[in-house]
Amino acid sequence: MLESKRRAIIFLLLAFLLAASAGYLVLDKVRDLNAELGGMTKIYIANSSIPVRTMIKSNQITTMQIPNKFVNEAHITDKDEILNNVSVVPLSEGEIITSNMLKPFTELRDENNRLIAMYPSEKVQFDQVIETLDRVDIIVSTDNNGEQKTEVFMRDVPVAYAQGTEDDFAGVALEVSMEDAPKLIHIQNYADKVRILKANVGKEDTTSTSQKLDEEQVAEEQPSQNQEENAEKQGAADPAAKTKSETSQTKK
């Protein structure tokens, strides 16, 4: 009986030593893995479905933790980098939000308008530093087969946003109608010189340049049409004078 108890105690001690050794080895391995992963970092994910091109709000996002080893520059760790931006792809609940999915939110005056970027170059010159919400006039110089012309191309064009200030000024995004967008791009590509002048803040005018030109042409043609109508009215009102004039010409 004593011999059996002795053997049981020995087996228990051996089992305890083996369990302690195994636990130590597992703990040491976990420590090595944690050291290799470098801890944990919070990143932002979608808390609910986020439609494409809608401004992201704080209640639509939440955080999750991933090992530092797997964190890269695309992951977002700052909440301010997400708010007031829009996603270019639809996001599902739990989907990780990365920086290449986001674009700045721009609120255009009209959904039919477009943003055209203009940067300083040898062809495009800014006479002053332009700021966001300013308005500009665009002056264009062209040389067509020796015929040189400088004219106002657009007036009071709204500046949606400007990039840089003073010495690091990098350009602007102009808000124009869909009709004027190809005309402005054509001028940037083929005009000899384009000057951007800072204009005084005027009243909001959503009329396109082509519409303004049509209105000016109608205004110029209106006086001549009025003169012709007046002449016809005078002729109809005084038929006797017209008859006398024809009689005198016949006698001559």
Side-chain angles (χ1 to χ4, degrees), residues 52-55 74 81 84-89 98-225:
V52 65
R53 298 193 182 280
T54 58
M55 189 167 61
E81 295 181 14
N84 299 325
N85 286 319
V86 298
S87 175
V88 297
V89 295
T98 56
S99 57
N100 56 357
M101 295 179 178
L102 302 178
K103 295 293 181 183
F105 175 77
T106 56
E107 185 176 358
L108 299 179
R109 298 178 305 160
D110 190 326
E111 62 180 4
N112 295 320
N113 290 353
R114 297 294 183 268
L115 294 181
I116 305 297
M118 297 197 73
Y119 304 104
S121 63
E122 294 182 358
K123 184 179 295 186
V124 180
Q125 179 181 341
F126 290 80
D127 283 28
Q128 290 178 283
V129 174
I130 308 300
E131 299 178 357
T132 302
L133 301 182
D134 279 345
R135 287 176 177 264
V136 297
D137 297 332
I138 303 176
I139 312 297
V140 177
S141 296
T142 56
D143 186 354
N144 296 324
N145 298 324
E147 182 182 353
Q148 299 175 345
K149 188 196 315 184
T150 298
E151 59 184 352
V152 178
F153 180 67
M154 288 185 179
R155 292 181 178 177
D156 286 335
V157 182
V159 178
Y161 62 86
Q163 183 176 357
T165 57
E166 300 300 333
D167 296 336
D168 61 345
F169 178 71
V172 297
L174 304 180
E175 181 182 347
V176 299
S177 67
M178 188 61 189
E179 298 171 352
D180 290 337
K183 300 175 184 177
L184 181 56
I185 294 173
H186 178 82
I187 288 298
Q188 289 187 74
N189 293 335
Y190 300 109
D192 295 298
K193 277 290 184 181
V194 179
R195 297 280 289 272
I196 310 299
L197 310 181
K198 188 172 183 178
N200 293 329
V201 177
K203 295 182 179 180
E204 184 176 355
D205 186 4
T206 57
T207 306
S208 64
T209 303
S210 58
Q211 291 175 335
K212 291 179 180 178
L213 293 175
D214 292 341
E215 291 175 358
E216 291 177 358
Q217 184 176 2
V218 170
E220 291 176 356
E221 294 175 352
Q222 192 67 32
S224 59
Q225 292 177 356

Audit row: L174, V159, side chain to side chain contact (heavy atoms under 4.5 Å, CB included) steps and yes/no: CA-CA 5 Å; L174 304 180; V159 178; 3.9 Å; yes
Walk me through it: do I138 and L184 pass the test side chain to side chain contact (heavy atoms under 4.5 Å, CB included)? CA-CA 9 Å; I138 303 176; L184 181 56; 3.8 Å; yes
Check the pair V136 / I130 against side chain to side chain contact (heavy atoms under 4.5 Å, CB included), numbers first and verdict last. CA-CA 8 Å; V136 297; I130 308 300; 3.9 Å; yes
Should M55 and N85 be marked as a side chain to side chain contact (heavy atoms under 4.5 Å, CB included) after you check the CA-CA gap, both sets of side-chain angles, and the distance that decides it? CA-CA 5 Å; M55 189 167 61; N85 286 319; over 6 Å; no
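A salt bridge links K198 to D134: one of the charged nitrogens lies within less than 4.0 Å of a carboxylate oxygen.
Across every non-hydrogen atom of T132 and A162, the tightest pair is OG1-N, 3.0 Å.
In this structure, the separation between CG on L197 and CZ on F126 is 10.5 Å, given to the nearest 0.5 Å.
Partner Q188 forms a side chain to side chain contact (heavy atoms under 4.5 Å, CB included) with one of V194, I116, V140 and no other, that one being I116. With D192 as reference, D143 is the one residue of D143, N144, T150 to meet the side chain to side chain contact (heavy atoms under 4.5 Å, CB included) rule.
A donor-acceptor pair is defined here as one N or O able to donate and one able to accept, closer than 3.5 Å; no such pair exists between the side chain of D180 and the backbone of V176. One N or O on the side chain of D137 and one on the backbone of D156 form a donor-acceptor pair closer than 3.5 Å.
The local environment of NZ in K123 is crowded, with over 12 non-hydrogen atoms from other residues, nucleotides or ligands closer than 6.0 Å.
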